[in-house]
Each structure stands twice: as structure tokens, then as C-alpha cells.
Protein chains: 2
Amino acid sequence: MVAYNLLIENIKKHINLSDSEANSICEFFKLKTIKKKEFLLTQGTICKFEGFVVKGCFRTFTIDKKGNENTLYFAAKDWWLMDIDSFMNHKPSDLNIQALEDSEVLIISQKDKETLYTKIPSAEKLFRIMFQKSIVAWQRRIIRNHSLTAKERYNHFIEKYPKIASKLTDRQASSYLGITHEFLSKIKKQS
Amino acid sequence: MVAYNLLIENIKKHINLSDSEANSICEFFKLKTIKKKEFLLTQGTICKFEGFVVKGCFRTFTIDKKGNENTLYFAAKDWWLMDIDSFMNHKPSDLNIQALEDSEVLIISQKDKETLYTKIPSAEKLFRIMFQKSIVAWQRRIIRNHSLTAKERYNHFIEKYPKIASKLTDRQASSYLGITHEFLSKIKKQS
DNA sequence: TAAAAAAGTTGAACAAGTTCAACTCCATAA
DNA sequence: TTATGGAGTTGAACTTGTTCAACTTTTTTA
């Protein structure tokens, strides 16, 4: 099935995998369909899954004390998705994960994730490597936030993630860049 | 030896470890002494080590196009240290790692790190978990940068890391907070 | 110990980004 | 079809943070 092929191809970008291992891994994941604007996770609930997007697009965001939305990341096809803090520590999430369009996700439950680690030893390596790559991306984002202007960050964003950027409203993009939507409107007018 | 005890205690915060595993792991690490202001890594060179600080304090920073220093993180006793991007991808680093005071680090080479993963299976789990926790910290920092003012970030920093904060010059702290040292001076005067 | 360098302080002018309010333009639900 | 709410735009006033320069204080080095 197409969804599982996408998952296997994604995993093979990180580690080598035998066919039998690939099949075993797939058995832990279940396809979930979700409609535009629905939530995969809402703040206050415990994140009991990890997801791999096979269709559509999601936005992961917090709402701060002033009521402002703050987008942590977007996840389109071929991206992983979860609240890692809530999942790992079994605590209520601060994050909301919402579908921006009709979407499909391969979901593995918390329990099955533990089983995956014990049954398939190379899963530890897989996620260790995936997490390493993720850290690099977060570090780069911090540096960009500190060294670039809002306009430079916006240009970087639409160049690096043109497909995702094209799916977003300006409000969603601005909440990722850390600026108001009014200011993003002014930035876009300039260029 | 004290340095190795600190390493083992740190590892035991993340996973369970038998005495023999603990000893095996220690054999891969060598103690390195470094004087104040010396560099453990300079940008342009490949990061061929991962380090665990047992004494002193380090600062990891980039220098952007305008010549501004941008501090990614500080690492005092009981913290890990490396350029994960350079280490993983064998590419020249964008980071500088400098000792803020006379320091000691337990160092594992790139080669030995690979051996560690193959010889000691639980090492995969150890670093997978450490990296997970690291991601949570990076995500929280992004959200703080977007939702708090400079003054609020400064207060959070000195409350959360009082020991590290006390070792820093204002210039070093400001380069972590993403503001100029002049503005930090004005913030401190306010409160 | 003197001299030099680095760190911190302050003020004035400036730039970047926010806030709020008013308006337009759509998409879509009733 | 209409009205309703969400998204985008614009301007004016405002706040936050920067820049630059001059100065003082502290630390380092010769």
C-alpha cells in the first residue's frame, strides 16, 4: 500500500533495513484519516501517539498567555509528528496539532512504540539518528531567529519550504516566523 | 575517579546500566584539560569528538555575516557538548566552542562513538533518550523566543540557570538571549 | 605596577516590529 | 442568495530593541 511504502522509504533515508524488518515495523502503524481543521492533539491532553504524515499537512502550535498562537512546526507529507515532551513524559501537552487540509497519518501508539524498540533493535538507531537530525534543524532555527530580520526569515522560509508555504494563510506563516500577521503583510508588500 | 563517576551518574539519569556496561563505556572516554579562553572547536574545522563536561564551563557560538556572536548554548559541569551537525555529517563546523574558565571534559572520538554503538547496544537507547530530551529543550527555547520579551527571557535564564548565569559576562549572556549587550545593560537597570 | 584591552553604562537618534482600528475581499454556511 | 466570519491590507501611534559614540570601571597582560 502506498502509505506504507512512503514510510519505508522515509526510514531507509536514515538506516538500512531488511524487508522483514520493514514489514515488522509497518505492522505497528495504523492509517488514520483526518479532515481539514480537525485536531490530532489538543493542549491539556496526553500525546499517546507518534505520527508519520502520508497525505495533507498539519500545524503544531501553542497558545501563550496573551492568547497568541505560536507555531512550532508544520508537517506535510513525509514528515513525523508528535508532542515529544508529552509522549515521553506522559504529561499533558502544551501543543495543538491541527490538520490544515484533509490528511492521512500513519499512527503508532505509545505502547507499540515501546514494543517496537524492544522487538526491532534497529529502531533505536533509527530514531536516534532521526532525533539527531531534528536537533540540527532546531539549532539552525534558533540561530536564524537571532541573526536574521523578519523579512530574511520569511524569504528563507518560502525558499526552503515552498510546498508548505503555499498551503498556508499569512496568519499561519507569521505565527511560525514569530511576527504579527499585520507585519508579514507589510513585509510582502515591500518585495 | 571522580570525572568518570560523574559520567556514570549522568548516564544513569537516562537509562539503567550494569556495572560492567558502565566500565566499558568509561573506557571510551579520555579526560582532556583545557584552559580558560582556549577553544575545543573552531568554526571551519570538523568536530571529531563528543564531550561531557566534568569541570568548568563552555560557550558554543557562531559568528554571523555582520560579525555578531550568537550563543547557541552554554555547557557547565554535567552537560554534553559537540557540534552535532559537523560530527554526524563529517562537515566543517559553523560553531566555536570556547572554555569560559579552566575546564575538564571527558572526550569520546568519532570513531570510538561508532564502536560504542556497536559494542554496547544500550548506548543507542541512551543517546536516543538524551536526544529526545534535547529536542524538548530546543522547542521550548523557540517558543520562549517568540512569546517572551527580552526582559522576560533574561529573568527566565537567570532563574533557570543561576550557576551558569553567574559565570558569564553580560556580553555572553546577551548573545544567548538574542539581544545587544547595551540593551541587556538597560534591562538590568530597570529591575 | 602601569598600560592596554575588554567589559559595562548611558544617552540620543534611529529602525524594527506591534497594536489597534478601519476597511476590503472572500469563502461558506444558513 | 445573503449575511457572517475569517483573512488580508493599510495607516497612525506606539513600544521594543539597535546603533553609535562617549564615557567609566574592571580585568588582563606586559
Side-chain angles (χ1 to χ4, degrees), chain A residues 35-39 57 59 61 63-71 74 96 98-102 142-158 164-191, chain B residues 34-39 56-57 59 61 63-71 74 96 98-102 142-158 164-191:
Chain A
K35 284 196 182 154
K36 184 173 177 169
K37 292 191 183 174
E38 285 182 351
F39 286 81
C57 189
R59 182 168 74 106
F61 64 98
I63 301 177
D64 68 22
K65 291 162 202 164
K66 299 163 201 154
N68 295 317
E69 291 187 0
N70 203 299
T71 297
F74 301 103
N96 302 281
Q98 188 179 27
L100 297 180
E101 47 188 61
D102 291 353
I142 292 270
I143 289 173
R144 281 197 304 275
N145 281 343
H146 283 175
S147 62
L148 302 183
T149 63
K151 187 171 185 181
E152 289 168 332
R153 296 202 303 277
Y154 172 68
N155 289 334
H156 174 272
F157 177 61
I158 57 176
I164 288 179
S166 68
K167 297 179 185 215
L168 304 177
T169 65
D170 280 7
R171 292 171 125 88
Q172 290 161 350
S174 67
S175 76
Y176 173 85
L177 296 169
I179 56 175
T180 60
H181 66 274
E182 293 98 329
F183 191 56
L184 178 54
S185 175
K186 286 161 192 173
I187 283 172
K188 291 176 77 170
K189 200 187 168 193
Q190 282 174 41
S191 50
Chain B
I34 183 164
K35 284 194 183 153
K36 183 171 177 171
K37 291 194 182 171
E38 284 182 352
F39 286 80
C57 190
R59 181 169 74 106
F61 64 98
I63 301 178
D64 68 23
K65 291 163 202 165
K66 298 163 201 154
N68 294 319
E69 292 187 358
N70 202 300
T71 297
F74 301 102
N96 302 280
Q98 186 180 29
L100 297 179
E101 48 189 60
D102 292 353
I142 292 271
I143 289 173
R144 282 197 305 275
N145 281 343
H146 284 175
S147 61
L148 302 183
T149 64
K151 187 171 185 180
E152 288 168 333
R153 296 202 302 277
Y154 173 68
N155 288 334
H156 173 271
F157 177 61
I158 57 175
I164 288 179
S166 69
K167 297 178 186 214
L168 304 177
T169 65
D170 280 6
R171 292 171 125 89
Q172 290 161 350
S174 68
S175 76
Y176 172 85
L177 296 169
I179 55 175
T180 60
H181 66 274
E182 293 98 329
F183 191 56
L184 178 54
S185 175
K186 286 162 192 171
I187 284 172
K188 290 175 78 171
K189 200 186 169 193
Q190 283 174 39
S191 50

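The figures that follow rest on heavy atoms only: side chains count, while hydrogens, waters and symmetry mates do not. Proteins come first, then strands; the chains are lettered A, B, ... in the order of their sequence lines, and each starts at number 1.
Across all strands, Lys151(A) comes closer than 4.0 Å to no nucleic acid atom at all (heavy-atom distances). Using a 4.0 Å heavy-atom criterion, one finds that Lys189(B) contacts the sugar-phosphate atoms exclusively.
Of the candidates dA12(C), dG8(D), dT19(C), dA12(C) carries the atom nearest the Lys186(B) side chain, counting heavy atoms from C-beta on. Checking dG17(C), dT9(C), dG17(D) against the side-chain heavy atoms of Ala150(B) singles out dG17(D) as nearest. When each of dT9(C), dA7(C), dG8(D) is scored by its nearest atom to the side-chain atoms of Asp170(A), the top-ranked nucleotide is dG8(D).
Counting to the nearest Å, the C1' atom of dA7(C) and the CZ atom of Phe183(B) are 19 Å from each other. Distance, Ile179(A) CD1 to dT18(C) P: 7 Å, rounded to whole Å. In this entry the distance linking NE2 of His181(B) with C1' of dA6(C) reads 10 Å, nearest Å.
A donor-acceptor distance shorter than 3.5 angstrom exists from the side chain of Lys66(A) to the backbone of Ser147(B), with no hydrogens or angles considered. Looking only at distances, a side-chain donor or acceptor of Asp102(A) sits under 3.5 Å from a matching main-chain atom of Lys36(A).
Lys188(A) contributes no side-chain N or O that forms a donor-acceptor pair with the base of dT10(D) under 3.5 Å. Judged by atom type and distance alone, Lys37(B) does not reach the base of dT27(D) through any side-chain donor-acceptor pair under 3.5 Å.
When the side-chain nitrogen and oxygen atoms of Thr180(A) are compared with OP1 and OP2 of dG17(C), none of them lie within a distance under 4.0 Å. In this model, the phosphate group of dT28(D) is approached by a side-chain N or O of Lys36(B) to a distance below 4.0 Å at OP1 or OP2.
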